[in-house]
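Have a look at the structure below, then the notes.
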Amino acid sequence: MKKLMAILLSLTLACAAVLPALAEGKKDETVYVLANPDGSARRVIVSDYLSNPDGADTIADVSNLEKIQNVKGDEAFADGVWQAKGNEIYYQGDSSEALPVELKISATLDGTEIAPADLAGRSGHVTLRFDYAVSASYTKDAETVAMPFAVITGALLDNEVFANVSVKNGQAVNDGDRTVAVGLCVPGLTTGLKLESDKVELPEYLEISADVKNFSLPVTVTLATNEAFAALDAGKLQDADALKEAADKLTDAMTQLLDGSNQLYNGLNDLKDGTTNLNNGINQLADGTDSLAAGADTLSTGLTTLTANNETLVGGARQVFETLLAQANAALIQAGVDATLTVENYADVLGKLVEAVSEEGVTAQARAQVEAAVRAQADAVRSEVTKAVRPQVEAQVTEAVKENVMAQILATQNLTMEKYEAAQKAGLVTDAQRQQLEGALNQQMRTAQVQQVIAQQTEAQMTSDTVADLIEQNTEEQIGLLVDQNMQSETVQAQIAAVCEQGAPLVTLKAQLDSYNTFYTGLIAYTNGASDAASGAAQLKAGADTLQSGAAQLKDAMPALTDGVNKLVDGAKALADGLITFDADGVSKLTSAINEDLDPLLARAQLLIEAAQSYNNYSGLAEGMDGAVRFIYRTDAIE
């Protein structure tokens, strides 16, 4: 569930990154690294976007790129200044600067090292390893840490080439024709947080293994970004008391779980003893009518002993069930899921949660998030639409005023527009007369009075219902285009697929609870049956024939009953031993780490967040301008 919520958070951040940056003074960079099959950079292309929310004529910029090219307009760049003319700037160029994250891809074929490019056409067991070396660093108070980056690598594998695919530090998803191998790594973060590797080790590399026939690989794509770390609020890491309190609650809950498992094991041992007594009683009943009375007494005594433990047994099983549900509820709450599981409702609640992470459900959630993010910028979109509409309205108003002014000038010559146009067609208007009239028209159009009329009529048109409706219609169309653009982006589609994949833990959780519920309901049915057997034993005393027949039937049933009880005892013992191991190796170490190492861990986390927030550009950033940068590595195909 933690992974599920992390993917949802990543999806939200990815949506925000795809949206146009409308904040004042924002430079958004995407660095495309065209790489060789071994991951070494062959060419680095940087795509930059400069926002211009105020419609400034010029935008100051700092860039160390070569071959700078404006990709969406004709605005010129010289001496660190773009002649923006009120427009946003989109440009790109090449860079020879060192990359903050270096990608290295190594390979083995049947256990022997081989250059990735030499795998083309080869067959055997292939392992591809992706390593990420972070060279960028941050220093504060004489302490230096590597810049925190989250790195996502994906590869699309043809199932006719790749079989038996396994992924270390990632996942493999097979749709029948292709297998998608993807992994998320945080290189250097274990060292940056000074975590002890025997307690916690974060993934720092991706490894893909498969049986291959005629090896070929189109491309691999890797995204490296520090934006998720930079978006965190370091101030919220000041107080560790809440986490320590949660650790104490976890310890208490584990103690209750251990007590419940011991009660279950002891109760099942009592049940096993009672079953042995019952078996002895049935054997005595089968010996003959002479020992019939004694056998009936033994049977009755055994069943009484057996049923006396029914309440304890069922209660212990119920307590274990509720403790398991409490742990599941705690995990759901910690993951931000508003749901409370009970014995009666867990199947329905988890069923709905599993449905929520289906492809249809996740797509709907993603679209809602994308649309909300786009609509948060609706005023800015509407402002841009209004700017685009105003020149059109002003041109129409100017043309109408121009015709009216020309009519007034012609009236001083005792002419109408129709007569003047007819005279022009007949060739009766000389060039000098036409130039004189046009000069008078241009002079009148430049007067303050006429310009004021144009401005007033333009403003009136801009506030009319017709123009307002046009602006609103164009705004909605633009918003819809932005939503569709973001939904079709590779990042959003990849994250949707990843979220759907992360629904597996919910399915597993439901299957595990279903398994225990089967045991629990079966135990209730069994104890109810034991109670019925005790009542039957009392009735058996009334007649030898009935008792003798019943004893024979019980004797035939006892092997299965004894085997079932023995399995319950073995299962309860395994459960108790497993919980003890889980407490010693998991919960105790976790709470110990929280109580002993949390304060220095939080201090390191604050330093890493500050480091991430300090790295906001690759090619240069003008003073006073905000920035954001991400790196996308695409390796050449191996064919």
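Model, not experiment: these values are computed from the prediction. Atoms considered below: every heavy atom in the structure, side chains included; atoms not considered: hydrogens, waters and symmetry mates.
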* **Closest non-hydrogen atom pair, N486 against L482** => ND2-O, 2.7 Å
* Answer yes when E75 and K85 have at least one side-chain N-carboxylate O distance shorter than 4.0 Å, and no when they do not. => no
* Structure fact -> Scanning both residues in full, the closest heavy-atom pair of A56 with A84 reads O-CB, 3.7 Å
* **Cation-aromatic face contact R129/Y205, 6.0 Å, 45 degrees** => yes
* **Chi angles and distances behind the side chain to side chain contact (heavy atoms under 4.5 Å, CB included) call for V145, L608** => CA-CA 7 Å; V145 294; L608 288 171; 3.9 Å; yes
* Considering only NZ, NE, NH1 and NH2 on the basic side and carboxylate oxygens on the acidic side, decide whether R178 and D158 come within less than 4.0 Å. => no
* Asked: Are any of the side-chain heavy atoms of S47 and E29 separated by less than 4.5 Å?
  -> no
* Mind checking the OG-CG spacing from S209 to L128? Nearest 0.5 Å is all I need. => 8.0 Å
* Quick one: do the Q69 and Y91 side chains pair a donor with an acceptor below 3.5 Å? -> no
* Heavy-atom donor-acceptor pair, K27 side chain to G620 backbone, under 3.5 Å -> yes
* Any donor and acceptor pair, going by atom type alone, linking the side chain of E204 with main-chain N or O of A133 inside 3.5 Å? -> no
* Asked: What pair of heavy atoms forms the shortest contact from Q478 to V381, and how long is it?
  -> CG-CG1, 3.6 Å
* To do: For atom CD of E477, decide whether the heavy atoms of other residues, nucleotides or ligands shown that lie under 6.0 angstrom number more than 12.
  => yes
* State yes or no: are the ring centers of Y618 and F631 separated by less than 6.0 Å? => yes
* Please determine which of D28, L621, V629 meets the side-chain contact (heavy atoms from CB on, under 4.5 Å) test together with N616. => L621
* E97 CD to E66 CD distance, which is reported to the nearest 0.5 Å -> 9.0 Å
* Atom OG of S135 and atom CG of L99: how far apart are they, to the nearest 0.5 Å? -> 7.5 Å
* **Heavy-atom check, side chain of L157 versus side chain of I208, under 4.5 Å** => yes
* To do: Please report the C-alpha distance between L119 and V126 in whole Å, then the side-chain angles of each, then the deciding distance to 0.1 Å, and finally whether the side chain to side chain contact (heavy atoms under 4.5 Å, CB included) criterion is met.
  => CA-CA 9 Å; L119 286 171; V126 172; 4.0 Å; yes
* Can you find a pair of side-chain heavy atoms, one from Y633 and one from V101, that are under 4.5 Å apart? -> yes
* Asked: Are E476 and R375 close enough for a salt bridge, meaning some N to O gap below 4.0 Å?
  -> yes
* Does T191 reach the main-chain N or O of G188 with its side chain, forming a donor-acceptor pair under 3.5 Å? -> no
* Applying salt bridge (charged side-chain N to carboxylate O under 4.0 Å, His left out), name anything that partners R367, two or more places apart in sequence or on another chain. => D484
* Enumerate the residue pairs fulfilling ring pair (Phe, Tyr, Trp, His ring centres under 6.0 Å) with a member in residues 117-146, sequence neighbours excluded, ordered by first and then second residue. => none
* Structure fact -> Minimal heavy-atom distance between I105 and P37, with the atoms involved, is CD1-O, 3.5 Å
* Mark yes or no for whether S51, through its side chain, and K26, through its backbone, hold a donor-acceptor pair below 3.5 Å. => yes
* **Atom pair CG/CD1 of L109 and I114 - distance to nearest 0.5 Å** => 5.0 Å
Distance-only check: which donor-acceptor pairs under 3.5 Å involve side-chain atoms of residues 212-221, not counting sequence neighbours?
| from | atom 1 | to | atom 2 | distance (Å) |
| --- | --- | --- | --- | --- |
| T220 | OG1 | T635 | OG1 | 2.7 |

* Structure fact -> Tightest non-hydrogen contact, residues A60 and A622, listed as O-CB, 3.7 Å
* Side-chain H-bond candidate by donor/acceptor type, N159 with D177, under 3.5 Å -> no
* Asked: Is any side-chain N of the basic residue among D94 and R43 closer than 4.0 Å to the acidic one's carboxylate O?
  -> yes
* To do: Please round to the nearest 0.5 Å and tell me the distance separating atom CG of D61 and atom CD1 of I59.
  => 8.5 Å
* To do: Can you sort out the partners of E610 under salt bridge (charged side-chain N to carboxylate O under 4.0 Å, His left out), two or more places apart, ordered by chain and number?
  => K140
* Asked: Side chains of I632 and V31: closer than 4.5 Å at any heavy-atom pair?
  -> no
* Report the distance from atom CH2 of W82 to atom CZ of F77, rounding to the nearest 0.5 Å. => 6.0 Å
* To do: Name all residues meeting the side-chain hydrogen bond (donor to acceptor under 3.5 Å, both in side chains) criterion together with Q83; count only those two or more places apart in sequence or in a different chain, and write none if there are none.
  => none
* Please tell me if the side chains of S619 and D48 come closer than 4.5 Å, counting only heavy atoms from C-beta onward. => yes
* Asked: Any side-chain heavy atom of R42 within less than 4.5 Å of one from D636?
  -> yes
* Structure fact -> Residues passing the salt bridge (charged side-chain N to carboxylate O under 4.0 Å, His left out) test with D514, sequence neighbours excluded, are K510
* Flag the pair T30 / V46 as yes when at least one side-chain heavy-atom distance between them is below 4.5 Å, and no otherwise. => no
* To do: Give a yes or no answer on whether the side chain of N226 reaches the backbone of F229 with a donor-acceptor pair at less than 3.5 Å.
  => no
* Stepwise, does the side chain to side chain contact (heavy atoms under 4.5 Å, CB included) test hold for E207 with V167? -> CA-CA 6 Å; E207 195 171 85; V167 180; over 6 Å; no
* Is the backbone N or O of D38 less than 3.5 Å from a side-chain atom of N36, with the two atoms forming a donor-acceptor pair by type? -> no
* To do: State, with a plain yes or no, whether a side-chain heavy atom of N87 is found less than 4.5 Å away from one of K72.
  => no
* Asked: Between V165 and A172, what is the shortest heavy-atom contact and its length?
  -> CG1-CB, 4.2 Å
